[in-house]
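Structure record follows, encoded as structure tokens.
Keep in mind the model is a prediction, meaning the values are calculated, not measured.
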Amino acid sequence: MAFRQALQLAACGLAGGSAAVFFSAVAVGKPRAGGDAELRVVEPPAWAGAARPGPGVWDSNWDRREPLSLVNLRKRNLEPGEEELASRLDHYKAKATRHIFLIRHSQYHVDASLEKDRTLTPLGTWLGPPAEASLLEGREQAELTGLRLASLGLKFNKIVHSSMTRAIETTDIISKHLPGVCKVSTDLLREGAPIEPDPPVSHWKPEAVQYYEDGARIEAAFRNYIHRADAKQQEDSYEIFICHANVIRYIVCRALQFPPEGWLRLSLNNGSITHLVVRPDGRVALRTLGDTGFMPPDKISRS
């Protein structure tokens, strides 16, 4: 019965939530008279008991908006009773779902030396060396993205966009298809180097100081904009964020609690739509990632 007993012990350890004790028992050799094989205890791996949660461990308070973490129990000398605590928790509980649409800017003049000159390519612009030139139309991409968003029939609450030229121009074109939706500009969503990617790439190696400066800003953008709805919000919201590939990829990894160092493994087309859903209980779902299925194949680019 040794094998069954070992399984029972393991189950008890898991049920107790203990991460400090980790072992595995494997059946080896010939079965004993009782029918169970001989057991061998395998040493725990190096990561067992580490502070970092393992795969599949979801932090439900990732945005620090769990109701219990917002209740101030020190306002009174005595701890509240169960009914009063339940009432106070309900006061802080989110009731609505946030739909977050992350839009990458359209194709732009990548060779311009100054940021202000990195404008969207006009209709019918040929880019690249003669042998590889392609007809890339950044402004038309933005038109198509705007039409797609308008076709969804959603009541968008606002458009938040990066203060960089290519994002501003993309926003101006998209917003024509969404009349009445207010626009807000922010430096937090500007392009940058969020965190050193793993695995690294040879063709893109920013200085360490760029990760240090941009990473803090892009992380601030994530904390400021990506979270569950405020408890006062009664209806579901639909918000558009128009920014850049690196920012969107980092936000997706952070929102899904994937290792953020993997952001460069994702690829996003110009003018693409990424749809995140944040439920009232803090759960996050990725509806679409870099969708450009609404564009003709010859209008799709990733530069």
Side-chain angles (χ1 to χ4, degrees), residues 19 22 45-65 98-107 110 160 162 164 166-167 186-228 239-279 281-293 300-303:
F22 181 97
W47 50 263
R52 183 174 181 175
V57 179
W58 178 260
D59 178 10
S60 60
N61 195 30
W62 60 275
D63 58 353
R64 300 302 180 264
R65 290 176 181 241
R98 292 185 67 204
H99 293 264
I100 297 171
F101 294 83
L102 301 164
I103 313 298
R104 189 191 176 194
H105 60 77
S106 300
Q107 168 66 43
V110 297
V160 181
S162 157
M164 298 186 84
R166 53 191 182 272
T186 177
D187 291 338
L188 291 179
L189 292 174
R190 293 174 72 90
E191 184 63 301
I195 190 172
E196 190 170 357
D198 185 18
V201 293
S202 58
H203 63 277
W204 187 73
K205 290 187 176 181
E207 297 292 333
V209 66
Q210 188 173 349
Y211 290 118
Y212 182 78
E213 295 175 351
D214 294 348
R217 172 179 55 79
I218 296 172
E219 172 65 18
F222 171 79
R223 298 189 185 191
N224 191 54
Y225 295 119
I226 312 300
H227 51 76
R228 75 193 74 186
E239 305 157 54
I240 298 173
F241 295 84
I242 300 176
C243 50
H244 310 269
N246 294 358
V247 178
I248 295 172
R249 293 184 283 190
Y250 178 80
I251 285 176
V252 168
C253 287
R254 286 283 283 110
L256 298 177
Q257 297 187 24
F258 294 163
E261 296 85 356
W263 64 272
L264 200 50
R265 304 174 205 172
L266 308 179
S267 181
L268 299 175
N269 294 334
N270 295 113
S272 62
I273 300 175
T274 296
H275 182 186
L276 281 173
V277 179
V278 185
R279 299 293 182 188
D281 61 1
R283 297 190 180 187
V284 180
L286 180 63
R287 291 267 180 98
T288 61
L289 175 66
D291 176 32
T292 49
I300 294 175
S301 64
R302 282 191 298 274
S303 57

Inset, instruction - Might you work through the side-chain hydrogen bond (donor to acceptor under 3.5 Å, both in side chains) test for Tyr250 and Glu219, ending with a clear yes or no? - result: CA-CA 9 Å; Tyr250 178 80; Glu219 172 65 18; 2.5 Å; yes
Inset, instruction - Report the C-alpha separation of Leu268 and Leu289 in whole Å, then their side-chain angles, then the decisive distance to 0.1 Å, and conclude whether the side chain to side chain contact (heavy atoms under 4.5 Å, CB included) test is met. - result: CA-CA 8 Å; Leu268 299 175; Leu289 175 66; 3.9 Å; yes
Legend entry - Arg217 and Glu213 ion-paired at < 4.0 Å: no
Legend entry - Phe258 and Leu266, any side-chain heavy atoms less than 4.5 Å apart: no
Inset, instruction - Would you check if the side chain of Arg283 reaches a backbone N or O of Ser60 as a donor-acceptor pair within less than 3.5 Å? - result: no
Legend entry - Nearest-0.5 Å distance, CD of residue Glu196 to NZ of residue Lys205: 9.0 Å
Inset, instruction - List the atom of Tyr211, the atom of Pro206, and the distance in Å for their closest heavy-atom pair. - result: OH-CD, 3.3 Å
Inset, instruction - Indicate the atoms forming the closest heavy-atom contact of Leu189 with Cys243, along with that distance. - result: O-CB, 3.6 Å
Inset, instruction - Measure across Arg228 and Asn61 and return the closest heavy-atom pair with its distance rounded to 0.1 Å. - result: NH2-CA, 4.2 Å
Inset, instruction - Taking Trp263 for its side chain and Cys253 for its backbone only, find out whether a donor-acceptor pair lies under 3.5 Å. - result: no
Inset, instruction - Name the orientation class of the two ring planes belonging to His99 and His275 (parallel below 30°, tilted from 30 to 60°, perpendicular beyond 60°). - result: tilted
Legend entry - Identified side-chain hydrogen bond (donor to acceptor under 3.5 Å, both in side chains) counterpart of Ser162 within the set His105, Glu191, His244, Arg190: His244
Inset, instruction - Would you check if the side chain of Thr274 reaches a backbone N or O of Gly290 as a donor-acceptor pair within less than 3.5 Å? - result: yes
Inset, instruction - Indicate the ring-plane relationship of Trp62 and Phe222, choosing parallel, tilted or perpendicular according to the 30° and 60° boundaries. - result: tilted
Legend entry - Donor-acceptor contact present, side-chain Arg98 to main-chain Val278, <3.5 Å: no
Inset, instruction - Quick one: pull up CD1 in Ile300 and OG1 in Thr292 and give me the separation to the nearest 0.5 Å. - result: 4.0 Å
Legend entry - Gln257 versus Val57, closest heavy-atom pair with distance: OE1-O, 3.9 Å
Legend entry - Atom pair CG (Asp291) and CD1 (Ile103), whose distance is rounded to the nearest 0.5 Å: 9.5 Å
Inset, instruction - Report the C-alpha separation of Arg249 and Leu264 in whole Å, then their side-chain angles, then the decisive distance to 0.1 Å, and conclude whether the side chain to side chain contact (heavy atoms under 4.5 Å, CB included) test is met. - result: CA-CA 7 Å; Arg249 293 184 283 190; Leu264 200 50; 3.7 Å; yes
Legend entry - Euclidean distance, Ile195 CD1 relative to Asn246 CG, rounded to 0.5 Å: 12.5 Å
Legend entry - Interatomic spacing from CD1 in Ile218 to CZ in Arg223 - rounded to 0.5 Å: 13.5 Å
Inset, instruction - Go through the steps to decide whether Thr186 and Tyr225 satisfy the test side chain to side chain contact (heavy atoms under 4.5 Å, CB included), and finish with yes or no. - result: CA-CA 11 Å; Thr186 177; Tyr225 295 119; 3.5 Å; yes
Legend entry - Interatomic distance, Asp59 atom CG to Arg64 atom CZ [nearest 0.5 angstrom]: 5.5 Å
Legend entry - Contact summary for Pro194 and Gly192, nearest pair of heavy atoms: CD-O, 3.3 Å
Inset, instruction - Locate the shortest heavy-atom distance separating Leu286 from Leu276; write the atom from each residue and the value. - result: CD1-CD2, 3.7 Å
Inset, instruction - Determine, for Asp281 against Arg279, whether the closest basic-nitrogen to carboxylate-oxygen distance falls under 4.0 angstrom. - result: no
Inset, instruction - For the pair Ile226 and Asp63, evaluate side chain to side chain contact (heavy atoms under 4.5 Å, CB included) and give the outcome as yes or no after the intermediate values. - result: CA-CA 8 Å; Ile226 312 300; Asp63 58 353; over 6 Å; no
